[in-house]
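One structure is given below, encoded as structure tokens.
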Amino acid sequence: MGIGKQAKTLTNKQIDSVLDYLSRSRSPKRNQAIFLLSVKAGLRAKEIASLRWEMLLNSDGILSDYLALPNNASKGRSGRQIPLNRQLKETLLDLFQSESGRKDFDAKDF
């Protein structure tokens, strides 16, 4: 992105259209969570790819209100805590509940 250029943002209607499309995909919960992590939390592709459940869970193993992004998962030394949007948190909770029931579930994977 050049100097002085502003990134375009999606309207609520566009976001809803993408979420509707993703609801019919092969892995709808995962795909919707990935999309919302980008749109609602502002994560970069590298940050989403580096995401682990342990970054989203508190010490009791419950989904936190924040995403704790360490330096190694972000760009340079920009590790930070990102508050979770309500819609994003509900989607992540739904995904976590379905994933944690699997035999091969590991909180270090996303």
Side-chain angles (χ1 to χ4, degrees):
M1 184 97 27
I3 296 175
K5 290 189 177 183
Q6 182 67 35
K8 294 192 184 342
T9 57
L10 298 175
T11 65
N12 287 333
K13 186 176 179 180
Q14 290 170 324
I15 291 171
D16 291 340
S17 293
V18 172
L19 290 172
D20 182 53
Y21 173 78
L22 293 174
S23 71
R24 297 183 301 274
S25 64
R26 183 174 174 192
S27 302
K29 293 176 187 177
R30 183 200 64 163
N31 294 340
Q32 289 174 332
I34 290 170
F35 175 69
L36 289 173
L37 283 164
S38 176
V39 174
K40 299 293 185 180
L43 294 185
R44 300 174 180 96
K46 177 192 186 303
E47 294 169 337
I48 294 172
S50 301
L51 198 60
R52 302 291 174 254
W53 281 115
E54 58 192 13
M55 297 176 192
L56 292 160
L57 303 176
N58 64 19
S59 59
D60 297 327
I62 299 170
L63 190 64
S64 174
D65 291 330
Y66 292 90
L67 162 63
L69 196 65
N71 287 340
N72 64 348
S74 62
K75 185 177 178 182
R77 294 190 178 119
S78 61
R80 59 199 188 275
Q81 279 198 337
I82 302 167
L84 296 179
N85 165 280
R86 180 191 53 79
Q87 183 181 16
L88 173 58
K89 185 172 180 177
E90 289 172 2
T91 303
L92 289 170
L93 183 59
D94 191 29
L95 178 62
F96 180 72
Q97 289 171 342
S98 66
E99 292 290 311
S100 62
R102 292 186 357 214
K103 288 189 287 185
D104 61 342
F105 175 77
D106 184 359
K108 293 185 179 177
D109 295 331
F110 185 76

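In what follows, residues are counted from 1 in the order of the sequence shown.
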Rounded to the nearest 0.5 Å, what's the gap from [atom1] on [X] to [atom2] on [Y]? Could you check?
X     : Y     : atom1 : atom2 : answer
Ile15 : Gln32 : CD1   : CD    : 12.5 Å
Leu84 : Leu36 : CG    : CG    : 11.0 Å
Ile48 : Lys46 : CD1   : NZ    : 12.0 Å
Gln87 : Asp16 : CD    : CG    : 7.0 Å
Asp94 : Glu99 : CG    : CD    : 10.5 Å
Asn85 : Lys40 : CG    : NZ    : 5.0 Å

Is there a side-chain contact between [X] and [Y] in this structure, where contact means two heavy atoms from C-beta onward sitting under 4.5 Å apart?
X     : Y     : value
Leu19 : Thr91 : no
Leu56 : Leu67 : yes
Val39 : Val18 : no
Phe96 : Leu57 : yes

Over all heavy atoms of both residues, which pair between [X] and [Y] is shortest? Give the atoms and the distance, please.
X     : Y     : result
Arg80 : Gly42 : NH2-O, 4.4 Å
Pro28 : Ser23 : CB-O, 3.6 Å
Ser50 : Met55 : O-CE, 3.3 Å
Leu92 : Trp53 : O-CH2, 3.6 Å
Ile82 : Ala41 : CG2-O, 3.9 Å
Ala33 : Leu95 : CB-CD2, 3.9 Å

Quick check: is Leu51 connected to Tyr66 through a chain of hydrophobic side chains (ILVMFWY, heavy atoms under 4.5 Å apart)?
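No, because Tyr66 and Leu51 fall into different hydrophobic clusters, even though each may have its own neighbours under 4.5 Å.
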
Backbone N or O of Ser27 within a donor-acceptor pair of the Asn31 side chain at under 3.5 Å?
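Answer holds: yes.
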
Among residues at least two apart in sequence or on other chains, which ones pass side chain to side chain donor-acceptor pair (under 3.5 Å) with Asp60?
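If we apply the side chain to side chain donor-acceptor pair (under 3.5 Å) test to Asp60, skipping adjacent residues, there are no hits.
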
Atom CZ of Arg86 with >12 non-hydrogen neighbours under 6.0 angstrom:
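No - once you tally the heavy atoms of other residues, nucleotides and ligands closer than 6.0 Å, there are 12 at most.
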
